[in-house]
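To start, the structure itself, in structure tokens.
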Number of protein chains: 2
Amino acid sequence: MIENDIFRALADPTRRTIFEKLAAGGMNASALRAGMEISQPAMSQHLSVLRSAKLVREERRGRFVNYEVDPEGLALIAQWLAKYRAYWPARIEALKVLLKDMDQ
Amino acid sequence: MIENDIFRALADPTRRTIFEKLAAGGMNASALRAGMEISQPAMSQHLSVLRSAKLVREERRGRFVNYEVDPEGLALIAQWLAKYRAYWPARIEALKVLLKDMDQ
DNA sequence: CAGACACATAAGCATGGACTTATGCGATTC
DNA sequence: GAATCGCATAAGTCCATGCTTATGTGTCTG
């Protein structure tokens, strides 16, 4: 189940940090490690988990692999969230921002 | 960090099932167990995790405890998601539904 | 008030997951 | 083509986590 993969991937703070970094712009695994105190295999394993969850996608560039945010994972979270829209508070600021931005 | 609590709470499929049941209407812990093959302590522990994540809130009613969805947790997910709105695909059906429902 | 009931908490166990070190593999460079 | 580089994978270790059984706490009922 992909939904399970997504939430389990985001349950780890290191992976959320990686995702956040990629959201600011795609880069390769080595660049991601900069300033993060994480070993190369650990980074590779985290990226693998994020990839399985459709939160990140890769693109080979010679001997580098460029990683970037995969919108599919985010869309799946939005779908999950939409199921519970009946419970969203009426006037949360974040949702208003969200609304404004999505409505063209 | 509450954000961490939320994603870790949702990483467990049993807890997502519990949350989904509560989204269909508040009920007590025993009622939640119906048709779920889960022990009483396990249910209690799951509810405790969901409560810490602000995904669920409780309300004592005599010797029963009624549980219901806490909108705060959902709002926090929406806020997290909103940070990455630049990556949302333009025309995902779920987002259109979301939009329509939020826009009064 | 004694028992049953709804639920929480404690403690122990077993599995999962995040890390490590070591090694493999394809691409580039000299 | 040998060495290096960027990354993936393997295997082992350690801790977190979800379960269990046992027991505690508060509430209702006969």
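Everything numeric in this text was worked out from a predicted model, so none of it was measured.
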(request) Mind telling me whether A/Phe19 and B/Trp80 have parallel, tilted or perpendicular rings, with 30° and 60° as the class edges? (result)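 Correct class here is parallel.
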Whole-Å gap separating [atom2] ([N]) and [atom1] ([X]):
X: B/Asp5; N: D/dA16; atom1: CG; atom2: P; answer: 15 Å
X: A/Asn28; N: C/dA27; atom1: CG; atom2: P; answer: 16 Å
X: A/Arg51; N: D/dT9; atom1: CZ; atom2: C1'; answer: 12 Å
X: A/Met27; N: D/dG6; atom1: CE; atom2: C1'; answer: 16 Å
X: B/Ile18; N: D/dC19; atom1: CD1; atom2: C1'; answer: 13 Å

Is there a donor-acceptor contact under 3.5 Å from the side chain of [X] to the main chain of [Y]?
X: A/Ser48; Y: A/Ser44; answer: no
X: B/Arg15; Y: B/Leu10; answer: no
X: A/Tyr87; Y: B/Ala23; answer: yes

(message) Just to verify, what does A/Arg33 make a side-chain contact (heavy atoms from CB on, under 4.5 Å) with, not counting sequence neighbours?
(response)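 Only A/Ile38, A/Gln40, A/Met43 meet the side-chain contact (heavy atoms from CB on, under 4.5 Å) criterion with A/Arg33.
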(request) For DNA chain D, find the residues of residues 57-70 of chain B with a heavy-atom distance under 4.0 Å and give them by number; none if there aren't any. (result) B/Gly62, B/Arg63
(request) Specify the closest pair of heavy atoms between A/Leu32 and A/Leu47, including all atoms of both residues, with the distance to one decimal. (result)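 Reported closest heavy-atom pair: CD1-CD2, 3.9 Å.
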(message) Using every non-hydrogen atom in the two residues, find where B/Pro13 and A/Asn4 come nearest and quote the distance to one decimal.
(response) CD-OD1, 3.7 Å
(message) On the nucleotide D/dC7, are OP1 or OP2 found under 4.0 Å from the side-chain N or O atoms that A/Ser30 carries?
(response)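 Answer yes for this pair, as a side-chain N or O of A/Ser30 is under 4.0 Å from OP1 or OP2.
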(message) One character per nucleotide, please: for nucleotides 18-25 of chain C, 5' to 3', B when the base has a protein heavy atom closer than 4.0 Å, S when only the sugar-phosphate does, - otherwise.
(response) SBBBB---
(request) May I ask you to decide whether B/Glu72 forms a salt bridge with B/Arg57, counting only side-chain N to carboxylate O separations under 4.0 Å? (result)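 So B/Glu72 does not pair with B/Arg57 through a salt bridge.
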